[in-house]
Amino acid sequence: MTQSLYTQLTDTPQTATYLAQATLRDILLPLILGDETEGISYWAGKQLATKFPLESIADLSQFFEQINFGQLSLKKQKKNQYFFELTGPIITKRLADFKTPDFQLEAGFMAQTLEQQLQVTAEAKATVENKKRVTIFVQTDTNDPIEIPLETEAMVTMQTPEVTPIAPTEPAEPVTPVAKASFSSVANLPSRQELHRRKKH
């Protein structure tokens, strides 16, 4: 189900729009959830990640772009710590348009994804720095391994949009000029009386 759903969604020509995401995430959800927005968004991100298990950080970055979360890059990695940066037009726009845009949905998704990949407990926190960029810090605990349930969804195979090569344009055939039709002057046309006389003869 996971792979078929992912393929179906990525094959849809209509892409996510900024208006739709901003309306739902930065206007509607805060109105409904209030002070619980961050916590519930983080939980929702973890739940979403269980529906789309990803095999690597490279797949995670590609999925983020496809789902219109932004451009995710791993900036630094220590033993149990991962420092990511989230950038791109969607991030710049949300930071400019809203006072406190929430990125805990992305953080929850990343925590669950690394937890599934590494099979150890992982937690993440998104932080907005100077209204210019978003950093997501992921902390893993190798002393707290987890077991992946047998009913876990299979890893998603990422889809890369196929680019159809443009065939070279064939040279256009020369256009043969069309000869102008010759028209008799109206003055040279026979009058009604002349036509009447011709019919008599």
Colleague: Is it the case that over 12 heavy atoms from other parts of the model lie below 6.0 angstrom from the CD atom of Glu129?
Modeller: yes
Colleague: Residues in ring pair (Phe, Tyr, Trp, His ring centres under 6.0 Å) with Phe69, at least two apart?
Modeller: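 For Phe69 the ring pair (Phe, Tyr, Trp, His ring centres under 6.0 Å) partners, ignoring immediate neighbours, are Phe64.
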Colleague: Can you confirm whether Asp102 sits close enough to Pro30 that some side-chain heavy atom of one is under 4.5 Å from a side-chain heavy atom of the other?
Modeller: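 With C-beta onward as the side chain, the pair stays apart.
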Colleague: Kindly compute the distance separating CD1 (Ile40) from CG (Leu33), expressed to the nearest 0.5 Å.
Modeller: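 Ile40 CD1 to Leu33 CG: 4.5 Å, rounded to 0.5 Å.
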Colleague: Could you tell me whether the side chain of Lys132 reaches within less than 4.5 Å of the side chain of Thr92, counting heavy atoms only?
Modeller: no
Colleague: Donor-acceptor check, side chain of Thr140 to backbone of Ala122, threshold 3.5 angstrom: yes or no?
Modeller: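 Answer holds: no.
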Colleague: Are there more than 12 heavy atoms of other residues, nucleotides or ligands under 6.0 Å from atom CD of Gln71?
Modeller: yes
Colleague: If I take atom CD1 from residue Ile90 and atom CD from residue Glu65, how far apart are they, to the nearest 0.5 angstrom?
Modeller: 12.0 Å
Colleague: Between Glu123 and Tyr42, is the side-chain hydrogen bond (donor to acceptor under 3.5 Å, both in side chains) condition met? List the steps.
Modeller: CA-CA 10 Å; Glu123 295 295 340; Tyr42 185 83; 2.6 Å; yes
Colleague: Could you measure the distance from the CE atom of Met110 to the OG atom of Ser61? Nearest 0.5 Å is fine.
Modeller: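 With rounding to 0.5 Å, CE (Met110) is 8.0 Å from OG (Ser61).
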Colleague: Would you sort out whether Glu38 and Gln104 count as a side-chain hydrogen bond (donor to acceptor under 3.5 Å, both in side chains), showing the intermediate values?
Modeller: CA-CA 6 Å; Glu38 286 193 5; Gln104 301 313 317; 4.6 Å; no
Colleague: What I'd like to find out is whether the side chain of Lys125 reaches to under 4.5 Å of the side chain of Thr135, using heavy atoms alone.
Modeller: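 They are not in contact (no side-chain heavy atoms under 4.5 Å apart), so the answer is no.
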Colleague: side-chain contact (heavy atoms from CB on, under 4.5 Å) for Gln117 and Ile57? Distances and angles first, verdict last.
Modeller: CA-CA 9 Å; Gln117 291 176 0; Ile57 290 178; 4.2 Å; yes
Colleague: Can you tell me how far CG of Asn80 sits from OG1 of Thr121, rounded to the nearest 0.5 angstrom?
Modeller: 11.0 Å
Colleague: So Asn68 and Gln21, do their side chains get closer than 4.5 Å, heavy atoms only?
Modeller: yes
Colleague: Tabulate below the donor-acceptor pairs under 3.5 Å that side-chain atoms of residues 82-89 make, not counting sequence neighbours, or state none.
Modeller:
| from | atom 1 | to | atom 2 | distance (Å) |
| --- | --- | --- | --- | --- |
| Tyr82 | OH | Gln77 | NE2 | 3.4 |
| Glu85 | OE1 | Arg133 | NH1 | 2.9 |

Colleague: Evaluate the side-chain proximity of Phe109 to Leu60: yes if any heavy-atom separation is below 4.5 Å, no if none is.
Modeller: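 Yes; the side chains approach each other to less than 4.5 Å.
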Colleague: Taking the six-membered ring of Phe103 (Phe, Tyr or Trp), confirm whether the NZ or CZ of Arg94 is under 6.0 Å from its centre and within 45° of its axis.
Modeller: yes
Colleague: Within a strict 4.5 Å, meaning less than it, do heavy atoms of the Val120 and Asp144 side chains meet?
Modeller: no
Colleague: Measuring from Asn130:CG to Leu95:CG, what's the distance to the nearest 0.5 Å?
Modeller: 10.5 Å
Colleague: More than 12 non-hydrogen atoms from neighbouring residues, nucleotides or ligands closer than 6.0 Å to NZ on Lys78, yes or no?
Modeller: no
Colleague: What I'd like to find out is whether the side chain of Thr100 reaches to under 4.5 Å of the side chain of Val128, using heavy atoms alone.
Modeller: no
Colleague: Quick check: closest heavy atoms across Leu105 and Arg25, and the distance to 0.1 Å?
Modeller: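 What the structure gives for the nearest pair is CB-NH2, 3.5 Å.
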Colleague: Any side-chain heavy atom of Ile27 within less than 4.5 Å of one from Phe98?
Modeller: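 Ile27 reaches Phe98 side chain to side chain.
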